[in-house]
Each structure stands twice: as structure tokens, then as C-alpha cells.
Amino acid sequence: MSQVPTEMQAEPTPAEIKQSRVYQQWGLTQAEYEQICQHLDRLPNYTETGLFAAMWSEHCSYKKSKPVLKRFWSQNDRVIQGPGEGAGVIDIGDGQAVVFKAESHNHPSAVEPYEGAATGVGGILRDIFSMGAQPIAVLDSLRFGEVNDNYTKHLVDQVIAGIAGYGNAIGIPTVGGEIAFDDVYKGNPLVNVMAVGTLDQADLHVGKARGTGNKILYVGAATGRDGIHGATFASSDFESETEQDRSAVQVGDPFLEKLVMDATIQAVRQFGSDVVGIQDMGAAGLVSSSAEMAGKAGNGVHLNLDRVPQRETNMTPYELMLSESQERMLLVVKPEALERVAKLFTDAGLSAVEIGTVTDDGRYQLQFHGQTVTDVEVNYLVTPPKQHQAERVPHRLETEDRTQYQPQIEDSSATLMQLLGQSTIASKAGLFRHFDSMVRTDTVIRPGGDAALVRVTGTNKGLALTTDISGRYTYLDPEIGGARAVVEASQNITVTGATPIGITDCLNFGDPDDPEVYYELDHASRGINSLAQRLNTPIISGNVSLYNEMDGQPIYPTPMVGMVGLLQDVHQATTSFVKQAGDLVYLIGTPGPDFNGSELQKLQTGTIHGRLRPADADQAADLQALVRDQILAGNINAAHDVAEGGLAVTLAEMTFTTPFSLDVQVNCPVAWTFAETPSVFAVTVPVARQAEFEQEARNRAQYLGRVTDNAAFRLQATDQTIRLDKAAMQQHDQEALTWQLNH
Amino acid sequence: MKAAVVQFPGSNCDVDLVKALKQFDVAVDVVSHQQTDVFDYDALFLPGGFSFGDYLRSGAIARFSPIMTTVKQAAAAGKTVVGICNGFQILTEAGLLPGQLMQNETPGFICDQVGIEIENPATRFTKAYDRTEITLPVAHGEGRYYADEATVAQLNAQHQVVLRYQTNVNGSSDRIAGIMNEAGNVFGLMPHPERAVESLLGNADGQGFFRSLLVPVNVH
């Protein structure tokens with residue numbers, strides 16, 4: 001080999017790498033390193049070692065979670081593209097499709113909350129438009145510590161600002177999501193972002209480097225030294241004592257990404273099949289996008305790194321390949337169209353440079369200053385060795401008492417007021433207000449409802465969108481918790497009138513090398529999977545975020561379920577708010593004494609404990625179908641499902657922001673109206689529709705009372721009656737969280 | 001009416017404005033900020049968004065776009081020129097309207113439906129309204145209208161204040177939400193009437209704005 005390029009002279013030699021074991025800091029185990037040496041029949045150089053460390057990280061390869069993910073059911077006759085691409089794709093009829101995926105940005109958000117959250121939005125949007133789709137909506141699921149400390153308040157403020165700063169500027173509405181607070185997330189907040197897009201099925205593109213001789217076109221921002229080793233950063237635990245790795249966080253530029261997004265969508269529409277493959281440069285940037293595209297197509301790829309647009313000087317191959325600079329995309333383009341496609345991007349003021357060629361030799365080859373600095377097998381690079389994770393039933397599950405917590409309710413009116421003021425239950429309107437939820441003028445139901453509803457432009461169709469998390473339930477019982485996340489999401493879709501059609505997920509868990517954590521991951525995904533199959537909602541995309549720990553303390557096992565529902569005619573949709581005085585209030589489903597893991601248990605004991613009653617999948621499917629059918633028949637004009645805080649909170653929320661109140665009676669102890677039983681709905685029925693509704697609902701619904709225009713809210717149970725001034729109750733709910741954040 | 005919606009890099013309400021104008025059967029084209037020949041159009045619209053990312057100060061870069069020379073000529077010729085949100089910011093930066101838009105009094109982006117008083121119902125932008133209290137969406141982080149006292153007094157005296165917030169959502173001088181120039185053909189406003197033309201989306205109070213524009217005016 002000729003002389004080492006100047007830029008690379010400071011890098012350790014292969015022998016020094018072996019001796020210093022620097023790869024271990026990057027997440028490669030000793031066994032993995034040795035396996036690589038054996039496979040190459042030589043020692044890997046600095047660049048190659050970095051590439052393997054990134055590609056074999058959990059974040060890129062899912063090597064530890066794969067056995068769990070492989071189980072996910074992802075096929076039905078609607079599914080056009082399942083897991084393994086930028087995002088999943090589901091048929092919504094008329095040659096159109098919905099494209100969606102969720103992703104976590106937990107670690108970057110913990111150390112740089114504004115940029116962490118902002119680049120979370122940017123990254124997931126690239127996953128959507130890399131499929132050729134037009135992004136139409138963003139949702140967020142956020143978890144923070146309790147709002148009683150200043151650092152958490154800072155995190156809330158900055159994460160919200162980061163999501164707003166990016167989403168508002170790029171012009172994709174943030175239409176929903178949810179926010180909750182628990183002490184376990186104090187050192188490790190969760191920032192999960194879901195993005196949704198639509199496309200004409202003819203425009204669908206996937207990330208495959210097909211066709212020998214096709215060109216690799218780099219478009220978007222130039223590469224800088226930011227975000228190097230972001231993927232391995234996401235694959236390790238936090239320790240409060242050591243310096244948190246800010247260099248692994250990238251800086252987002254929504255303006256630039258808007259240009260990239262618009263140009264990419266235009267390229268797809270204008271050049272169709274001349275653009276063979278598209279993938280965004282997300283985690284592990286240039287290496288993961290190019291190697292994955294080549295790997296999926298069974299091809300090789302040769303790149304000339306001298307051509308990579310560079311923002312900084314003297315960058316090394318290692319830095320160029322591992323940078324996670326934002327707003328960059330990789331396109332595979334037929335040679336004859338290369339110039340025209342590139343021009344479209346340069347006209348928009350973006351870099352567009354051919355940096356390599358698709359080959360048939362199966363090699364991943366990098367040239368730098370005339371030298372080959374990497375030469376490995378693509379397939380080997382993208383396929384880390386299989387891992388077997390040990391699992392063990394968490395100790396707490398073996399010792400936990402199965403009986404339900406028995407709450408003492410002395411003043412049920414006061415209890416309802418307290419629950420409405422709990423940070424997790426209280427209105428999030430003050431936070432959602434920072435998000436532009438209306439841009440693109442298709443948002444039918446804005447943040448604050450059970451699910452958001454977005455019209456498919458130019459049609460009457462609507463997509464109902466929700467993200468839901470069941471961390472507390474999953475902590476008490478991983479399998480039931482996973483199932484309940486799906487039940488909750490599908491209930492939220494259902495109450496708009498839409499039919500759930502698909503799922504994406506973010507699996508936020510602790511360190512998978514802890515057998516108890518791995519058990520949680522395994523069993524939570526079993527629960528998700530069984531309900532997904534029962535409700536006919538295939539799991540078409542998703543993301544795994546492991547190592548969510550601070551000083552060895554894992555977060556609650558927290559699966560987030562993002563769900564999409566389809567409504568043929570948006571005009572048939574309903575919301576959770578009561579519509580007119582005189583309407584009849586019904587309860588669908590049966591509340592039981594489900595207090596373990598509830599907001600009430602947390603309120604009264606400061607903690608959650610005990611086991612859960614299983615989620616009844618058949619009952620969930622049956623009652624959801626009833627609610628949906630009755631909404632579409634016009635017999636229900638307001639529907640809200642029972643979630644945190646129980647039926648009493650549900651009923652109260654239905655009156656908020658309306659001029660109305662409720663006067664209702666339930667045939668159970670008042671405590672049960674604070675229980676969190678799944679598959680329970682409150683609905684209102686216009687008097688003229690009563691007979692028809694009752695005939696269809698039969699014994700599945702019970703009459704509770706009426707919508708009134710009184711100032712008083714009245715909920716009578718067998719032992720106590722809740723009586724509250726509705727306006728005061730509403731004000732408390734609307735202002736509680738803002739007050740907590742400001743004091 | 002033949003209208004042009006000017007697309008600056010970073011505009012993101014251009015599509016919404018086109019959608020709304022089409023709903024009122026206006027012939028509308030999207031034109032690039034680099035275009036200089038837009039003399040055929042009766043009305044020019046500068047849409048909301050984040051032109052050039054608005055990293056410096058909202059509208060501060062966009063005002064140097066080639067099209068702004070033409071926009072000024074069109075304004076001087078008495079054609080209708082409307083800037084909504086970022087468009088309003090660009091119009092003030094370009095000196096077509098007095099004052100400036102500053103960061104909201106309580107920093108942070110606000111997206112909400114707010115009560116608006118139509119202060120001057122006799123303009124070419126408001127004449128079709130049959131009431132003076134409406135609700136319009138706002139979505140901005142730099143929407144606080146500021147002008148010195150003398151300018152505000154003059155705006156009030158000359159009936160150039162077209163829209164006022166019922167509750168001062170962003171700390172604007174004298175609750176100003178939208179103003180026009182002295183000639184009455186250039187209008188800048190922070191609220192988004194184009195987001196409020198379909199009852200399906202929860203608000204149709206923006207319709208009066210578009211209907212007003214369709215009432216013929218004398219162009220000299």
C-alpha cells in the first residue's frame with residue numbers, strides 16, 4: 001500500500017486497534033471483533049472497525065431484539081410493504097396507500113432535548129418521504145419524570161420546543177400524541193415520534209440498490225462531524241457520573257429538510273422508475289444507508305469518498321461514513337437519468353453528487369484519495385452474528401400480590417378533582433398549542449381528542465391516528481401491558497368511527513443483557529402481537545429502543561403503539577365531546593375493580609403495584625365493532641373510551657370545551673368509576689336514535705342518564721354521588737399542568 | 001380574478017392558500033420567488049411558512065427575493081397584495097406596510113383559534129362579512145405586531161387597522177392582527193383565513209375574506 005493519506009495518519013493502525021481494544025468503547029464485543037478478524041483473514045483497519053461497530057449496533061441491526069421482532073404478524077391483504085423498509089405501507093383503496101412508522105429519540109433528547117426532539121421529527125419524516133410518500137402528519141408520545149423538579153421542566157420545555165421548531169417549520173402538522181409523567185423516566189425521558197404519509201401506489205419506492213451499474217446519488221446537506229457514533233450511543237446505558245456524550249447528537253435544519261423533502265417527492269413523481277431506490281441517511285449515516293440498500297438487493301457498492309460533499313475540512317473516511325449529519329438522502333439512479341435527477345436537486349439549492357456505483361461483486365468498497373480504505377463483504381457487514389439473550393421472570397412478578405388494590409374514597413367529588421389535576425390526566429392543550437396542527441388544511445380532529453383525524457387530500461377518506469403507551473401496565477404484567485397498549489390505541493381509533501388497519505411501534509426497554517429486561521421485551525411483544533392479530537391490525541413497521549436506563553435503573557418496560565385507522569367518509573366521524581342537551585348517555589362494556597396500575601392507586605399510595613386482569617381480546621373486538629358501527633349509522637354522536645382516571649374522568653372530559661354537562665347514574669360503587677378497565681366506552685345517543693341504538697347494542701350497553709345544560713356535573717353511584725361545578729372542573733383540568741410546570 | 005401565490009423557499013402555507021382560492025373559483029398559479037414577470041395577475045398572495053428558514057428574522061431574507069420588486073410595482077399600481085403570517089412579516093420587512101412582527105410576548109409558537117374583531121368592515125378584504133366578530137386560526141412564533149405610538153395612532157386614525165385580536169394572544173401593539181396600507185390595496189395579517197374555509201375542519205369564518213376579494217374593485 002502506498003502512503004497513508006494525511007487525514008488518516010493520526011488513526012491507530014490495525015495492530016494498535018487490536019491492542020487497545022478501542023472497538024469495545026464502540027459497542028463491539030471481543031468475540032465479535034475476533035469473528036471479524038477471522039472472516040477478513042486480517043485485522044480490520046480503523047474505518048472498517050468503525051463500520052462494523054455501527055452496523056452491528058443494536059440500533060442498526062436489531063441483533064438482540066430480532067428474535068422478538070420476527071414474531072410480529074405483519075401480513076394481511078391490505079399490507080403492501082411490511083417491516084424492513086423506511087416505513088410500512090398499507091392499501092387504503094383507490095390506488096392510494098398510507099405509509100407510517102414511529103421512531104424513538106430518547107438518548108439524544110436526554111442530553112440535548114431541543115435538538116434531540118427536533119432531529120427525531122426530521123429523521124422519521126425522511127423515513128416517510130424516502131418511500132416516495134408525502135408526509136401528512138406527525139404525532140408524539142412523550143414520557144418525562146414527575147413535574148416537580150426543575151430539570152424535568154426544562155426537558156418538557158425544550159422537547160416541546162424542539163418538536164415544534166422542526167415540525168412547524170417544515171410544514172407538516174403535529175396532530176396528536178400523548179404526554180405522561182412518571183418518576184422512572186426522570187433520567188431517561190422518552191421521545192417517540194410517529195410520522196404518517198400518503199402516496200399513489202405507483203409512486204412507491206423502497207431502499208434497494210438494484211441494478212449493476214446504477215449510480216449512487218448523494219443529495220441534501222453536506223456531511224459534517226456531527227452525530228458520529230450516534231447509533232452506538234443509542235445502544236448503551238446512561239450513567240449520571242460520566243460525561244453525557246453530546247457529540248453523538250445532531251443538529252437539525254427543517255428549512256433544508258423541506259427542500260430535500262419537496263425535491264425527493266418531485267423526483268419520484270417526475271422520474272418514476274429511473275429512481276431505483278431511496279433511503280435516508282439516518283442512524284450510522286452513509287454506511288448504513290448504502291450497505292443496507294446493497295444488502296437488500298444482494299449487490300455490492302463501490303463509493304468514492306472524495307466526492308462526498310463535506311462541510312468541514314480534513315474529514316477522514318471513518319468520519320465521513322459514521323457522521324449522522326441530518327437532511328441527507330441516498331438515491332440509486334439509472335445512469336442515463338442521473339444528470340436530470342441531480343439537476344432537480346441542485347435547482348432547489350441542494351447538493352446532488354454521484355458518489356459511487358452499484359456492483360455485482362457483493363463487496364462494500366470505499367475509495368479515498370486513490371486508495372481502497374475499506375473492502376468487506378456487504379452481506380457480512382449487514383448481518384451481525386445471531387445473539388441469544390437469556391431471559392428470566394422479573395423477581396417482582398413472582399412475588400407480586402394478585403389481589404386488586406382497594407381504594408378508600410371518602411369524598412368522591414374531591415377525588416375526581418384531584419385526578420383531573422394529575423399531570424398525566426390534566427389537559428395538555430397548553431403544550432399541544434405550540435404545535436402547528438392545522439397546516440396543510442386537512443386536520444379534522446386536532447390534538448386533544450382520543451385520536452387525530454386527517455383527511456386524505458382530494459378525497460373524502462380520513463385517517464385516524466393515535467400513539468399510546470402502557471408503561472405502568474407493562475411493568476405490572478409485560479404481556480397484558482403490551483396487549484393493553486394495542487387495545488387502548490384501537491379504542492382511540494374506534495371512537496372517531498374509523499376502522500383500525502395497522503400498527504407501528506417503539507419498544508422502549510432497558511438493557512437487554514439483563515435477563516429480566518429481556519423477559520419484559522419478549523412478553524410485551526407477545527401481548528402486542530396477539531391483540532394485533534385479533535384486531536386485524538398488522539405490525540408493519542417499528543423501532544426498538546433498548547438501554548433506557550440511568551445508573552442501572554431501567555425505565556418501566558414501555559411499548560408505544562402507533563395505530564392508523566381508515567374512515568371512508570370523514571363526514572361520518574365523531575369526537576369525544578357531547579353535542580347537545582337532552583342526548584342520552586350510555587355505557588358500553590363493564591367497569592370492574594381494576595385499580596392496580598391506575599392513576600387512583602398512584603394518587604393514593606404514591607406507587608403502583610399488584611397484578612392485572614387479562615385483557616379480553618374477543619370482548620375488545622366485539623365492543624369496538626359495536627361502537628364503530630353505531631357511529632357510522634349515526635346513532636352515536638359522541639364517544640370516549642375509559643382510560644387513565646376511569647369512567648368518571650371520561651365522562652367529565654366529554655363535557656369540557658362544550659356548553660353542556662352530564663347528569664348520570666351508575667350501578668356500581670363510586671370507587672369503580674375511577675377504575676381503569678379496558679374495553680369500556682361512554683357514548684351519547686340522540687333521542688331520535690334511541691330505539692335503533694338499543695336494538696343494536698342489546699345487553700352490551702346500559703343507560704346512564706342525560707346531557708344537560710346545567711352548571712352542575714352529577715354522577716351518582718350506588719354508595720356516593722359526585723357533584724361538581726362543571727366550569728370549575730374544566731378550569732382545573734385545563735390549568736393544572738401549566739400551573740405545575742410554572743411553579 | 002387571477003391570482004398568484006408566491007412560493008419562497010420554506011413557504012408552507014402556499015398549498016393551503018391555493019386550495020382555498022380554488023374553492024372560490026379563483027384562477028390561481030403558484031409562482032417562484034425568483035420570477036419577475038407577474039403583471040398579468042390581479043392579486044398577489046405571500047403565504048405563511050418559514051421563508052429561507054427564518055433563521056435570521058422572519059421575512060428578512062425573503063424581502064430581497066427578485067419577485068419583491070414586482071410585488072412593489074403591483075402594490076403601487078393598486079393591485080391587491082396580501083401577506084398572511086410569514087407573508088405579513090415579508091411585507092413589513094419590505095416596507096410595504098409599517099411596523100414589524102416580533103417574537104410573541106410569551107416566547108413560543110402558538111397554534112390556536114382566536115377571537116378577531118373586524119375593525120374596518122369596509123375594505124376590499126372584509127366587505128363581504130356580515131358581522132364584526134369572527135374566529136380565525138393563528139399559527140406563529142413571531143406574530144407580535146409592533147409599531148411606535150405615532151404609527152399606531154396614525155393607523156387607527158386612517159382606519160388602516162383591519163383586524164384586531166379580541167384577547168391579545170401575542171402582545172401586539174393595540175391588539176393589532178391585520179393592517180392595510182393607506183391606499184387600501186395591501187393587506188398584511190397574522191391570522192390564517194385560508195385555514196378556515198371548510199366547516200369540516202371546524203371553522204369557516206375565513207370565507208368572508210375570500211368572498212370580499214371577489215367583489216370587484218376599481219383598479220387604477
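Naming convention: chains lettered A, B, ... in sequence-line order (proteins, then strands); numbering from 1 in each chain.
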Chain B contact via [X] - side chain, backbone, both or neither, heavy atoms under 4.5 Å:
| X | answer |
| --- | --- |
| A:A161 | neither |
| A:L453 | neither |
| A:T443 | backbone |

Crowded around [X] [atom1]? As in, over 12 foreign heavy atoms under 6.0 Å?
| X | atom1 | value |
| --- | --- | --- |
| A:Q731 | CD | no |
| B:K22 | NZ | no |
| B:R57 | CZ | no |

With chain A, the option among B:V15, B:D112, B:V197 that has the most non-hydrogen atom pairs under 4.5 Å is B:D112

[X] side chain near [Y] side chain, heavy-atom distance below 4.5 Å:
| X | Y | result |
| --- | --- | --- |
| A:V439 | B:R195 | yes |
| A:D262 | B:Q7 | no |
| A:F255 | B:D54 | no |
| A:R455 | B:L200 | yes |
| B:C111 | A:M438 | yes |

Among A:R433, A:H571, A:R440, who wins on heavy-atom pairs under 4.5 Å with chain B? A:R433

Does any backbone or side-chain atom of B:V18 lie under 4.5 Å from a heavy atom of chain A? Answer side chain, backbone, both or neither. neither

Which bit of B:E194 is near chain A, if near means a heavy-atom gap under 4.5 Å: side chain, backbone, both or neither? backbone

Which atom names give the shortest non-hydrogen contact between B:L201 and A:D442, and what distance separates them? CD2-C, 4.0 Å

Atom of A:T441, atom of B:E198 and distance for their closest heavy-atom approach: O-OE2, 4.3 Å

Output the distance between atom CZ (B:F109) and atom CD1 (A:I163), rounded to the nearest 0.5 Å. 14.0 Å

Backbone of A:N168 reached by a side-chain donor or acceptor of B:N12 within 3.5 Å: yes

Would you confirm whether B:K19, through its side chain, and A:T457, through its main-chain N or O, come within 3.5 Å as a donor-acceptor pair? no

